[in-house]
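Below: the structure, in structure tokens.
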Amino acid sequence: MPDFSPDSLLAVRFSDARPGLELVAIVDAGLPVALITADVLAQDRKRLPLLDEFVLRLVNNKVTTEQAITGLLGVPERMVTQTVAQHFSDDYLTYALSRPGTDPAIRNLRLTGRGEQTAREMAAITPVRVEQPLVYDQLLWKAKPYDRHTVIPRGQAEDLDMILLPTANSGPVEMGDISAADINALLRERGNNDREVLQVRGITQAKARRVVPAKILVYVNPDRTDVELGVVVDGEPSHAHELALIAAGGAKALGITVEPAPERPTLEPELEQARVPLTEVTQQRAEQAAVQLSSSGPLSAAPSEPAPAGHEIRAIGVFEHPDVLDEALTHARTRILIISPWIKKAIITTEFLSKLETRLNRGVTVNIAYGYEDNDTKSDPIAIRRLENLATRYPDKFAFSRLKSTHAKVLVFDDVWVTTSFNWLSFKGDRNRTYRMEEGSLIRNRQLTDAQYQRYLDLIGQQRQ
């Protein structure tokens, strides 16, 4: 079974989430957050409710009748009677022996040994001032239980060409925006029931701007007139963020548009006839992904070596392309060839280069070619330079070429050939934010792939600048 990337699994989970709409893209986004340190008055959470505690402590301080306790606390006598009865049941209270000369009708309460210990423990718990770190969601304008370790600088998100989501308020977070109840709710959500915040005395906000990585799901109706957005945070859909984006202007405000699907490259007639259609491939992948989603093992383990496959001619959908590219970078044994009009730094990451260099060190021959226009402004110079540097270190194994102009979008590795409308090295980081369904064909056949590999090597030789 193939390994599915996080985006592929999201596509399987949410592709049918909106009837009548098609999921056309999953986009990396930066959710604006502020790192807050709250100065709070807090105490260890007591294991008894407040009325239960006060009854024990009053009895410990010689207030020993239910009538006296009721008078001091100013609560209905029925509440005190019920609390005393529960304390008897829990072995916190008993009745004192009547002293000679006292009215036997007046029953005085006294603490049991267990009750005395509990009363001392309750009295020993006192409020202290502590610093409570928080992550404040600036789109929802609310503190949220995000893991601070997932927060990244806004500049890093910009370098990765993430869509930066808007803030609900342009000003700083004020002390009135965070209540003790809010912090207690966060602590409970994190499973921390040992501390109770009584008061927020002040807050400090870090100056550097931060974001939490999120995903935007882009849905569109068949005629491309209605674009809807979903938001996934921490792997789960967030209706609150979706509503906040709608209030902020939705897809239009973020510059997100959807184009009609381009024509996919067609194969020779006999191959087209044998090609398994995308609907069938999508169903098979959904069944395979369901197995992976039902087990935590494949998600957390290192990618396994894919099982050898025989002759295969089938469609490849937009969300599978990155998985196939990763398969090439991770498992290719003899050769990798990529042709893509543009190159983006969002794809040519440190991880990408590390995987590619591992292939080179294992003797894999690599050819990468790009180029669409003479004055190509759609490729990132930094990404190009990183590939050039790698090619310089492996001159006998890695050929990196700038072509005069190419419309080809091709991936070849070992016995696999993929021809498609998908931009292999620029499918992320498109500042135009224009998305479309991409489809291609995957052929797994040594003889056919050998022929195409040589054809594309010849094309690179003819087009190389």
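Position 1 is the first residue of the sequence, and the numbers go up from there. When reading the values below, keep in mind they use all heavy atoms of this one structure, side chains included, and skip hydrogens, waters and symmetry mates. Here the structure is a predicted model, which means the values were calculated and not measured.
- Looking only at atom types and distance, the side chain of Gln288 has no donor-acceptor partner in the side chain of Gln284 under 3.5 Å away.
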- Item | Steps toward side-chain contact (heavy atoms from CB on, under 4.5 Å) verdict (Asp7, Leu9) | CA-CA 5 Å; Asp7 281 3; Leu9 292 173; over 6 Å; no
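- Counted by atom type alone, Gln462 and Asp458 present zero donor-acceptor pairs between their side chains at under 3.5 Å.
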- Quick one: do Val231 and Leu31 satisfy side-chain contact (heavy atoms from CB on, under 4.5 Å)? Show the steps, please. CA-CA 10 Å; Val231 182; Leu31 177 63; over 6 Å; no
- Mind running salt bridge (Lys or Arg N to Asp or Glu O under 4.0 Å) on Lys142 and Asp182 for me, showing each step along the way? CA-CA 9 Å; Lys142 183 178 181 181; Asp182 292 334; over 6 Å; no
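- The aromatic rings of Phe422 and Trp424 sit perpendicular, their planes meeting at an angle over 60°, well past the 30° parallel limit.
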- Report the C-alpha distance between Glu263 and Arg436 in whole Å, list the side-chain angles of each, state the deciding distance to 0.1 Å, and finish with yes or no for salt bridge (Lys or Arg N to Asp or Glu O under 4.0 Å). CA-CA 11 Å; Glu263 292 291 331; Arg436 58 191 188 179; over 6 Å; no
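- Atom CZ of Arg275 sits about 10.0 Å away from atom OG1 of Thr266, to the nearest 0.5 Å.
- Salt-bridge check for Asp323 with Arg285: passed, with a basic side-chain N closer than 4.0 Å to an acidic carboxylate O.
- For the pairing with Val232, the side-chain contact (heavy atoms from CB on, under 4.5 Å) check across Ile216, Ile26, Leu10 returns one residue only, Leu10.
- Taking the side-chain contact (heavy atoms from CB on, under 4.5 Å) definition, one finds that Ala34 meets it with Ile36, Tyr136, Gln138, Val173, Gln205, sequence neighbours left out.
- For the atom pair Ile384 CD1 and Ser379 OG, the distance stands at 4.5 Å (nearest 0.5 Å).
- Heavy atoms of other residues, nucleotides or ligands lying less than 6.0 angstrom from CG of Asp16 number 12 at most.
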- Task: Evaluate side-chain contact (heavy atoms from CB on, under 4.5 Å) for Tyr370 paired with Leu387, printing each intermediate quantity in order.
- Result: CA-CA 11 Å; Tyr370 77 101; Leu387 287 171; over 6 Å; no
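- By the 4.0 Å N-to-carboxylate-O rule, Asp161 lies too far from Lys344 to be salt-bridged with it.
- To the nearest 0.5 angstrom, Ile343 atom CD1 is 9.5 Å from Asp380 atom CG.
- Thr257 and Thr434 are linked by a side-chain donor-acceptor pair at a separation below 3.5 angstrom, with hydrogens and angles left out of the test.
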- Task: Test side-chain contact (heavy atoms from CB on, under 4.5 Å) on Asn221 and Asp223 and set out the steps.
- Result: CA-CA 6 Å; Asn221 62 343; Asp223 60 6; 2.7 Å; yes
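- A cation-pi arrangement is present between Arg335 and Tyr453 under the rule of less than 6.0 angstrom and at most 45 degrees off the ring axis.
- Taking the charged nitrogens against the carboxylate oxygens, Glu236 and Arg13 do have a contact shorter than 4.0 Å, which makes a salt bridge.
- The closest side-chain donor-acceptor pair between Tyr456 and Asn367, if any, does not fall under 3.5 angstrom.
- Taken from CG in Leu448 to CD1 in Ile313, the straight-line distance is 6.5 Å, to the nearest 0.5 Å.
- Using a 4.5 Å cut-off on side-chain heavy atoms (C-beta onward), Leu411 and Leu337 make no contact.
- Proximity of Val135 to Leu35: side-chain heavy atoms (C-beta onward) are separated by under 4.5 Å at one or more points.
- By the neighbour-count criterion of 12 heavy atoms within 6.0 Å, atom CZ of Arg362 is sparsely surrounded, having that number or fewer from other residues, nucleotides or ligands.
- In this structure, Glu312 does not pair ionically with Arg446, as no charged nitrogen and carboxylate oxygen lie closer than 4.0 Å.
- With hydrogens and angles left out, the side-chain atoms of Tyr146 and Asp137 include a donor and acceptor closer than 3.5 Å.
- A donor-acceptor pair is defined here as one N or O able to donate and one able to accept, closer than 3.5 Å; such a pair exists between the side chain of Asn184 and the backbone of Val197.
- Side-chain atoms of Thr419 do not come within 3.5 Å of backbone N or O of Ser441 as any donor-acceptor pair.
- Atom CD of Glu270 has more than 12 neighbouring heavy atoms from other residues, nucleotides or ligands inside a 6.0 Å radius.
- Distance CH2/Trp417 to OG1/Thr420: 12.0 Å, rounded to 0.5 Å.
- Rounding to the nearest 0.5 Å gives a distance of 11.5 Å between CG of Asp415 and CD1 of Ile443.
- Residues Glu259 and Arg224 are not paired through a salt bridge, judged by the lack of any N-O separation under 4.0 Å between the basic side chain and the carboxylate.
- A donor-acceptor pair shorter than 3.5 Å can be found between the side chains of Ser8 and Ser5.
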- Quick one: do Asn423 and Ser340 satisfy side chain to side chain donor-acceptor pair (under 3.5 Å)? Show the steps, please. CA-CA 6 Å; Asn423 290 299; Ser340 181; 4.6 Å; no
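- Side-chain N/O atoms of Gln117 and Arg120 include no donor and acceptor closer than 3.5 Å.
- Ring pair His407/Tyr372 is perpendicular by interplanar angle, where above 60° counts as perpendicular and below 30° as parallel.
- The number of heavy-atom neighbours closer than 6.0 Å to CD1 of Ile382, taken from other residues, nucleotides and ligands shown, is 12 or below.
- In this structure, Arg314 does not pair ionically with Glu272, as no charged nitrogen and carboxylate oxygen lie closer than 4.0 Å.
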